[in-house]
Amino acid sequence: MVRLARVGDRSVAVLAGAAGDRALDLGPRPLPELFAELDGIRDLVERTDADALPPLDIAALRAPVVPRTMLCLGYNYRGHVPDGVDPTADDPATPDVFVKTPNTLGGPNDPVVVPTVADDVDYEGEIAVVIGRRAHEVPLDDALSHVAGYTLLNDVSDRSWQRRQSQWALGKCFDGFAPLGPWLVTADEIDPQDLLVEVVRDGEVTVSQSTATTIFSVAFVVHYLSQVLTLEPGDVISTGTPQKLSAAQDAHRPLAPGDTVTVRVRGIGELTTTFIAPPGEPE
């Protein structure tokens, strides 16, 4: 499922055809209504002649949802720990949760500006959960029924601003620091606890780890967060990043204008982000 830059930037389409390269435009629809009708939409796709549909216009893709709330997890993969912490230590008892503010949201085709004041910009490739129906104090065994599907997020972060304070907000919340996309894959299509998350920076694989190694499952995270705040359709929960591979850690260098980063997960797709200089500054 994708969101296209048509009809006031609110047109929703579903992908059809054997290659998933045809777009069945559903028009502008509110997310609660859309997610409530997923079974009917699947039937519609089955009855539609995909060859008669227009090709998907990749350039028209926008972030698949515009979340009211974007929640993220830190250190949710085994082996990914804060500086100075033993990576073989016991798992934490509860998730480490922070927010990305609305100004951070970007689409799959949007470049990310490397801010002038940010001197240690980094990437984090993550699977993002999209809520499909309201979740408040949901039991663990019912949590996944509140998930509409999954997409990809690059949790772009500036480490220097992140280290300035006990809260991470300023390092996480520069404009455009949350590219999301390219589309939403419905929850029935994949097992979120059996996916390989990879990140490629400038042609080199720097992250490669399975979601089987996450500390907190998607079901637990939805259950846990819903005890505190009501999750609404379209809200996003990003499930954390694996640790970089050793060679990438040892060769760490901040992102700079001209760099590209691709987050890829089989079954969900690829999200490629290009980093650029601020307007008026040389590349």
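Throughout, numbering of the chain's residues begins at 1 and tracks the sequence.
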Student: For Arg266, is there an ion pair with Glu198 - N to carboxylate O distance below 4.0 angstrom?
Tutor: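 Salt bridge flag = no for Arg266 with Glu198.
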Student: Go through the structure and list residues passing salt bridge (Lys or Arg N to Asp or Glu O under 4.0 Å) with Asp110, not counting sequence neighbours.
Tutor: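 Testing Asp110 for salt bridge (Lys or Arg N to Asp or Glu O under 4.0 Å), a comparison that skips the adjacent residues, returns none.
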Student: Identify, with sequence neighbours excluded, every residue that meets salt bridge (Lys or Arg N to Asp or Glu O under 4.0 Å) alongside Asp235.
Tutor: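 Asp235: salt bridge (Lys or Arg N to Asp or Glu O under 4.0 Å) contacts with Arg68.
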Student: Tell me if a side-chain donor or acceptor on Thr211 pairs with a main-chain N or O of Pro192 at a distance below 3.5 Å.
Tutor: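 Looks like yes, one N/O pair under 3.5 Å.
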Student: Of the options Leu105, Leu31, Val12, Ile131, which is the one that meets Val65 in a side chain to side chain contact (heavy atoms under 4.5 Å, CB included)?
Tutor: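 The passing option is Leu31.
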Student: Charged N to carboxylate O below 4.0 Å: is that the case for Asp122 and Arg253?
Tutor: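 So Asp122 does not pair with Arg253 through a salt bridge.
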Student: Whether the Tyr123 and Thr206 side chains hold a donor-acceptor pair (N or O, under 3.5 Å, no angle test) is what I'd like checked.
Tutor: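 A pair is found: one side chain offers a donor N or O, the other an acceptor, under 3.5 Å apart.
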Student: Can Glu232 and Arg133 be said to form a salt bridge (Lys or Arg N to Asp or Glu O under 4.0 Å), step by step?
Tutor: CA-CA 6 Å; Glu232 299 285 356; Arg133 63 186 181 96; over 6 Å; no
Student: Any donor-acceptor pair under 3.5 Å linking the side chain of Asn154 with the backbone of Leu180?
Tutor: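 Not a single qualifying donor-acceptor pair exists.
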Student: Do Ser238 side-chain atoms and Glu126 backbone N/O form a donor-acceptor pair below 3.5 Å?
Tutor: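 Here the side-chain-to-backbone pair does not exist.
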Student: Determine yes or no for a side-chain-to-main-chain donor-acceptor pair under 3.5 angstrom, with His146 supplying the side chain and Val222 the backbone.
Tutor: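 Flag not set: sc His146 to bb Val222 has no pair under 3.5 Å.
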Student: So which heavy atom on Leu153 is nearest to which on Ala128, and how close?
Tutor: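 Looking at all heavy atoms of both residues, the shortest contact is CB-CB, 4.2 Å.
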Student: I'd like to check Val200 versus Glu204 (side-chain heavy atoms, cut-off strictly below 4.5 Å). Are they in contact?
Tutor: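 No; the side chains remain at least 4.5 Å from each other.
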Student: So, applying side chain to side chain contact (heavy atoms under 4.5 Å, CB included) with Phe216, which one of Asp96, Val221, Asp91 is it?
Tutor: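 The side chain to side chain contact (heavy atoms under 4.5 Å, CB included) with Phe216 is passed solely by Val221 among Asp96, Val221, Asp91.
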Student: Would you check if the distance from the ring center of Phe177 to the ring center of Trp161 is below 6.0 Å?
Tutor: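 Not under 6.0 Å, so no.
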Student: When you group the ILVMFWY residues by side-chain heavy-atom contacts below 4.5 Å and let the links chain together, are Leu38 and Leu24 in the same group?
Tutor: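 Yes, it is one cluster - the side chains of Leu24 and Leu38 are joined through contacts under 4.5 Å.
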Student: Treating Lys100 as the side-chain partner and Asp155 as the backbone partner, does any N or O pair qualify as donor plus acceptor under 3.5 Å?
Tutor: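 A pair under 3.5 Å: no.
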Student: Could you check Val236, Leu231, Thr239 and say which one makes a side chain to side chain contact (heavy atoms under 4.5 Å, CB included) with Val129?
Tutor: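 Between Val129 and the candidates, side chain to side chain contact (heavy atoms under 4.5 Å, CB included) is satisfied uniquely by Thr239.
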Student: Stepwise, does the side-chain hydrogen bond (donor to acceptor under 3.5 Å, both in side chains) test hold for Asn76 with Thr214?
Tutor: CA-CA 5 Å; Asn76 190 35; Thr214 53; 4.8 Å; no
Student: Is it the case that the side chain of Asp194 and the backbone of Asp191 share a donor-acceptor pair, with hydrogens and angles ignored and the cut-off at 3.5 Å?
Tutor: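 Checked: no pair found.
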Student: So, are Glu124 and Arg159 salt-bridged, with charged N and O less than 4.0 Å apart?
Tutor: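 The answer is yes: the pair qualifies as a salt bridge.
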Student: Take atom CZ in Arg164; do more than 12 heavy atoms of anything else shown fall under 6.0 Å from it?
Tutor: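 It does: Arg164 CZ has more than 12 such atoms within range.
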Student: Does the side chain of His252 pick up a donor-acceptor pair with the side chain of Asp120 at under 3.5 Å?
Tutor: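 A pair is found: one side chain offers a donor N or O, the other an acceptor, under 3.5 Å apart.
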Student: Taking all atoms of both residues into account, what is the closest heavy-atom pair of Gly176 and Val112, and its distance?
Tutor: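 It is O-CG2, 3.3 Å.
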Student: Compare every heavy atom of Pro242 with every heavy atom of Gly125, then report the nearest pair and how far apart it is.
Tutor: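 Looks like O-CD, 3.8 Å.
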Student: Any side-chain heavy atom of Val2 within less than 4.5 Å of one from Leu184?
Tutor: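 Counting from C-beta outward, Val2 and Leu184 never come under 4.5 Å.
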Student: Is it the case that over 12 heavy atoms from other parts of the model lie below 6.0 angstrom from the CD atom of Gln167?
Tutor: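 No, CD of Gln167 has 12 or fewer neighbouring heavy atoms, counting only those of other groups under 6.0 Å.
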Student: Any side-chain heavy-atom pair from Val117 and Phe174 closer than 4.5 angstrom?
Tutor: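 SC-SC contact between Val117 and Phe174 confirmed.
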Student: Indicate the atoms forming the closest heavy-atom contact of Asp175 with Asn103, along with that distance.
Tutor: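 Minimum heavy-atom separation between Asp175 and Asn103: OD1-ND2, 2.8 Å.
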Student: When you measure from the side chain of Ser210 to the backbone N and O of Thr213, does any donor-acceptor pair fall under 3.5 Å?
Tutor: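 No, the answer is negative, given that no donor and acceptor are paired below the 3.5 Å cut-off.
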Student: Would you say Thr260's side chain and Thr274's backbone share a donor-acceptor pair under 3.5 angstrom?
Tutor: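 No; judged by distance alone, with no hydrogens or angles, the pair does not exist.
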Student: Taking it one step at a time, do Thr272 and Val261 satisfy side chain to side chain contact (heavy atoms under 4.5 Å, CB included)?
Tutor: CA-CA 6 Å; Thr272 297; Val261 172; over 6 Å; no
Student: Please determine if Arg42 and Asp188 form a salt bridge, counting it only when a charged side-chain N lies under 4.0 Å from a carboxylate O.
Tutor: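 The answer is yes: the pair qualifies as a salt bridge.
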Student: Kindly say whether Ala143 contributes a backbone atom to a donor-acceptor pair with the side chain of His223 at under 3.5 angstrom?
Tutor: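 Side chain of His223 to backbone of Ala143, a donor-acceptor pair under 3.5 Å: no, none is there.
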Student: Using modelled atom types only, decide if a donor and an acceptor are shared between the side chain of Arg3 and the backbone of Arg62 within a distance under 3.5 Å.
Tutor: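 No; zero donor-acceptor contacts below 3.5 Å.
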